Number of protein chains: 2
Amino acid sequence: MSHPVPRISETEWEVLRAIWIGHPVSAAEIISRLSATDPSWHPKTARTLIARLVEKGALTYDVDGRTFLYRPLVTEEQCVAQASNSFLDRVFGGALKPMLAHFVEHRNLSPADLRELEDLLARKKRRR
Amino acid sequence: MSHPVPRISETEWEVLRAIWIGHPVSAAEIISRLSATDPSWHPKTARTLIARLVEKGALTYDVDGRTFLYRPLVTEEQCVAQASNSFLDRVFGGALKPMLAHFVEHRNLSPADLRELEDLLARKKRRR
DNA sequence: CGTCGTCGCCTACAGCCGTAGTCAAACTAT
DNA sequence: ATAGTTTGACTACGGCTGTAGGCGACGACG
């Protein structure tokens, strides 16, 4: 547990998601993945964010000739956990059940989704 | 839909929660509510945040003699909805079911909570 | 070989955020 | 009345964010 998972900003999340897709990966490839989902990405902006993620210790790289091949130092799971904690605390004062209830009540879930979630709960219950 | 619900920062959330408890309310009372839950609140900091929330259009006030009585211009529901959207998009790419699954899997839910959630899902299903 | 595009590095800059301090006016307690 | 307290207004300031621009080196193309 060396690194305490740095704080990841909104746009940095998008960059990280592009990297989690597959790595090691060059800046050019990261940028092209980003543009693929959102054409408004400016290459310079993406490069700045990549550099910041390296500074923050969320990414590292191996030098390959003239370019860098980036690799994540934090897993998606770690980041999801961190962001989830912060959201839960901030918005629901840490109370899990009200949060879940909120989403179930205010969001659309297909009947299939509802069934899967019920399954999940049931299995959870059985696993104690 | 006049106001597009301003973006609320971490600490601003705490201030707003102190106000949603009951209003209209004076700055002094807000500060004392904040200190009640977290003694490390500095009055000056709280006042700055209150002022910023007014600028942002999240609060307004009525003048009462020499002091102001503040009222929220955004409801907790609105803010919860906005923060939830942003969290869901940012962290789960907008996918609701994986998000719910994540919390059910990685968090502790008491058997009672599990039962209540099952109920919720069941009722939801019945309501189509 | 010269030109042009690409790469990473460094710089910029405004706006938001957390955290307060100063100040003048008004109020309150002596 | 005088001094201390409280209030809102204004100011400060460094770090984080979003959004890039400029620069010098290196390699590709003609």
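We name chains A, B, ... by the order of the sequence lines, and we start the count at 1 in each one. Nothing here was measured: the structure is a model prediction, and the numbers come from that model.
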Sequence neighbours excluded - salt bridge (charged side-chain N to carboxylate O under 4.0 Å, His left out) pairs with any residue from residues 8-30 of chain A | E10(A)-R90(B), E12(A)-K56(A), E29(A)-R33(A)

Return yes if some donor-acceptor pair links the side-chain N/O of S86(B) with the main-chain N/O of Q82(B) below 3.5 Å, else return no.
-> no

Of E10(A) and A28(B), the one whose closest DNA chain D nucleotide lies more 5' = A28(B)

On DNA chain D, nearest-nucleotide positions of T48(A) versus E12(A): which is more 5'?
-> E12(A)

Given atom CG of L16(A) and atom C1' of dT17(D), what is their separation to the nearest angstrom?
-> 15 Å

Determine the minimum heavy-atom distance between C79(A) and L16(A), stating which atoms define it.
-> SG-CD1, 4.4 Å

To the nearest angstrom, how far is D38(A) atom CG from dT19(D) atom C1'?
-> 14 Å

Among dG18(D), dG8(C), dA9(D), which nucleotide sits nearest the side chain of F68(B)?
-> dA9(D)

Would you kindly give the CD1-to-C1' distance between I31(A) and dG5(C), to the nearest whole Å?
-> 14 Å

Looking only at side-chain N and O atoms, does H42(A) come under 4.0 Å of OP1 or OP2 in dG18(D)?
-> no

Test for a donor-acceptor pair under 3.5 Å between the base of dA20(D) and the side chain of T45(A), counting only N and O atoms.
-> no

Can you find an N or O donor on one side and an acceptor on the other, under 3.5 Å apart, linking the side chain of R52(A) with the base of dG18(D)?
-> yes

Can you check whether H23(A) and Y70(A) have ring centres sitting under 6.0 Å from each other?
-> no

Could you give the CD1-to-C1' distance, from I30(A) to dG8(C), as a whole number of Å?
-> 13 Å

Are any of T67(B)'s side-chain N or O atoms less than 4.0 Å away from OP1 or OP2 of dT7(D)?
-> no

Mind calculating the distance between CD (E55(B)) and C1' (dC10(D)) to the nearest angstrom?
-> 11 Å

Can you find a donor-acceptor N/O pair under 3.5 angstrom joining the side chain of K44(B) to the base of dG18(C)?
-> no

Determine the contact category for A27(B): base if any of its heavy atoms lies under 4.0 Å from a base atom, sugar-phosphate if only primed atoms, P, OP1 or OP2 are that close, otherwise nothing.
-> sugar-phosphate

Length of the line joining W41(B):CH2 and dT19(C):P, which is rounded to integer Å | 7 Å

Using 4.0 Å as the upper bound for N to carboxylate O, is an ion pair formed by K124(A) and E105(B)?
-> no

In whole angstroms, the gap separating C1' of dC17(C) from CZ of R7(A) amounts to 10 Å

Does a distance-only test, which skips hydrogens and angles, find a donor-acceptor pair under 3.5 Å between the side chain of R47(B) and the base of dT22(C)?
-> no

Over how many whole Å does the gap from D64(B) atom CG to dT6(D) atom P extend?
-> 17 Å

